[in-house]
**Q** 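Here it is, the structure, as structure tokens.
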Protein chains: 2
Amino acid sequence: MHKRYGGTVAIERDIPEATVSRLPLYRRSLVELASKGESTVSSARLAELAGVNAAKVRKDLSHLGSYGVRGVGYDVEYLLRQVGEALGLDVDAPVVIVGMGNLGQALARYGGFESRGFPITAFIDSDPEKIGTEFDGIRVDHLDDLPRLVQERGLSVGIIATPAWAAQRVADRMVEAGIRSILNFAPTIISVPPEIPLRKVDLATELQILSYYQQRGSVEDGRSA
Amino acid sequence: MHKRYGGTVAIERDIPEATVSRLPLYRRSLVELASKGESTVSSARLAELAGVNAAKVRKDLSHLGSYGVRGVGYDVEYLLRQVGEALGLDVDAPVVIVGMGNLGQALARYGGFESRGFPITAFIDSDPEKIGTEFDGIRVDHLDDLPRLVQERGLSVGIIATPAWAAQRVADRMVEAGIRSILNFAPTIISVPPEIPLRKVDLATELQILSYYQQRGSVEDGRSA
DNA sequence: GATTGTGAATTGGTTCACAGCG
DNA sequence: CGCTGTGAACCAATTCACAATC
């Protein structure tokens, strides 16, 4: 059912958005299973670990053209490779953080990125006090240095951790400099050319959503887990 | 069309999940408009500010039973109050942060919570070195103190900023202690009773999703903005 | 016997398009 | 005339349920 091109990598077209957003979840569960030495896993078990239901797991995995074995389940290692490949994680994507305030610094020190293929490789700030200082052995540079840094270090992901008023400008400079995807933590809407994937994380927004469900006798929250 | 009870506050039932998750966005845009002194706004303009389309804005607002004026638009101040009320923001929801590592500290110092009705009012950590120290004038306490803190300070929201392995345990203790909704930053699935609204923010997951769309000639990302 | 893969049914969300109304 | 509110049409995602198959 799923086309493979030439017998090689086979990057599948059009995985539904909802599925894409769950793949990292499955990946995390598979890593855990692998580290425990489990060699196969059923959709039911994987669903439990990922906090979704089994039908969803099977449908999602079917979009990868994936290989389960009826009556047995999925091969953990194989599936892990498939998922990683679908997400494009076979190659590292070096990250630059712009805005070394509280949040930027916390993100810089947060271990979870390096280990998952997103080495943090450059820092940018506009405060002359900060420029030239080092963080984790990496120099903090000026926004004007970004094009050079993208070149030299192959930066591909930009994280915006600036105040809201600076975010659009930073995004524009990132795009100009050749950054290829952007994660925005500033609490404001920014716009970028359609070929640049953009996601946002807004902390206050999350609390407000919780507030809604708390206020009413919430039964479920959708974005479960 | 929309029922009001007794002529008072009128908390509407069953606003669709997708709408709820956009209300904070509208709210932010409305605050901005209000601060610029704009007194009315059309769905088209609000859509532009919030990064969605006008039909969606109108449909979303219609779920609040809201009052636009045909030919004119919405009253900014009035709508702002309506949205705030729908989200349950009329009353402050004091927050406890558990886990005062990098992320916890950054969240503690992040200004955006207090100003939006989520005063950070307690800190918990398990490191004896940290317990007893102060942060922003607030003492860092032990997890065992949580029930008392919930009582004394009326804590209602819990933020989990611990390592993954501690997260479920912390969630259980929060629920026991009477915390009413939870925001989880630990990269793991946790489960809580269905009456406790739960959301998660997973930073590495966001990067992996970006990775997918970057790898292919992404045109759009869905979670736009 | 167990568990996948998937069509069919269902639910939820978005967009269209226009009647209704200030 | 302009802009809202909303049915109707459309599209995406979820869930069901079962035949396929190891």
Side-chain angles (χ1 to χ4, degrees), chain A residues 1-3 12-23 25-26 30 33 38-76 78-79 82-83 209 219-225, chain B residues 1-3 12-23 25-26 30 33 38-76 78-79 82-83 209 219-225:
Chain A
M1 183 100 305
H2 282 267
K3 331 91 206 174
E12 299 298 338
R13 287 276 108 194
D14 72 280
I15 301 179
E17 207 173 296
T19 295
V20 170
S21 72
R22 281 186 297 262
L23 290 179
L25 225 57
Y26 300 147
L30 288 166
L33 287 164
E38 312 263 347
S39 68
T40 62
V41 63
S42 67
S43 59
R45 175 99 178 91
L46 188 50
E48 188 193 324
L49 292 170
V52 302
N53 69 46
K56 209 179 266 179
V57 168
R58 290 201 301 278
K59 182 76 79 171
D60 282 343
L61 294 182
S62 78
H63 291 296
L64 306 186
S66 177
Y67 254 51
V69 180
R70 293 170 200 238
V72 178
Y74 300 88
D75 183 280
V76 172
Y78 181 66
L79 191 53
Q82 291 254 313
V83 172
I209 296 172
V219 172
E220 247 314 299
D221 179 1
R223 306 264 253 123
S224 122
Chain B
M1 181 104 303
H2 282 268
K3 332 91 207 168
E12 299 298 336
R13 286 278 106 192
D14 72 282
I15 300 179
E17 207 172 296
T19 295
V20 170
S21 73
R22 282 185 298 262
L23 290 179
L25 224 57
Y26 300 147
L30 288 165
L33 287 165
E38 311 262 348
S39 68
T40 63
V41 64
S42 67
S43 59
R45 175 98 179 92
L46 188 50
E48 189 194 324
L49 291 171
V52 303
N53 69 46
K56 210 179 265 177
V57 169
R58 291 202 300 277
K59 181 78 73 166
D60 282 343
L61 294 183
S62 78
H63 291 296
L64 306 186
S66 179
Y67 254 52
V69 180
R70 294 170 201 236
V72 178
Y74 301 87
D75 183 280
V76 172
Y78 181 65
L79 191 54
Q82 290 255 311
V83 172
I209 296 172
V219 172
E220 248 314 300
D221 178 359
R223 301 267 253 126
S224 124

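Letters go in sequence order (proteins before strands), and every chain restarts at 1.
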**Q** Under 4.0 Å from OP1 or OP2 of D/dC18: is there any side-chain N or O of A/R70 that close?
**A** no
**Q** Starting from the 5' end of DNA chain D, give me the residue, A/R58 or A/V72, whose nearest nucleotide shows up first.
**A** A/R58
**Q** Round to the nearest Å and state the distance from A/L23 atom CG to D/dA13 atom P.
**A** 13 Å
**Q** Whole Å only: how far is the CG atom of B/L64 from the P atom of D/dG5?
**A** 10 Å
**Q** Calculate the interatomic distance between A/R22 atom CZ and D/dA13 atom P; express it in whole Å.
**A** 9 Å
**Q** For A/L61 and C/dT4, give me the distance from atom CG to atom C1', rounded to whole Å.
**A** 10 Å
**Q** Can you tell me the distance, in whole Å, between the CG atom of B/D14 and the C1' atom of C/dG13?
**A** 14 Å
**Q** When you check the phosphate oxygens OP1 and OP2 of D/dT15, does a side-chain N or O of A/K56 lie under 4.0 Å from one of them?
**A** yes
**Q** Hey, does A/Y26 have a side-chain heavy atom less than 4.5 Å from the side chain of A/V57?
**A** yes
**Q** Check the distance between D/dA20's P and A/Y67's OH and give it to me in whole angstrom.
**A** 19 Å
**Q** Does A/Y74 have a side-chain nitrogen or oxygen under 4.0 Å from the phosphate oxygens OP1 or OP2 of C/dG5?
**A** yes
**Q** Whole angstroms only, please: what is the OH-C1' distance between A/Y78 and C/dT4?
**A** 15 Å
**Q** Nearest whole Å is fine: how far is C/dT15 C1' from B/D60 CG?
**A** 12 Å
**Q** Just to confirm, is there a sub-4.0 Å distance from OP1 or OP2 of C/dT15 to any side-chain nitrogen or oxygen of B/N53?
**A** yes
**Q** Report yes if at least one side-chain N or O of A/S43 is closer than 4.0 Å to OP1 or OP2 of C/dT4; otherwise report no.
**A** yes
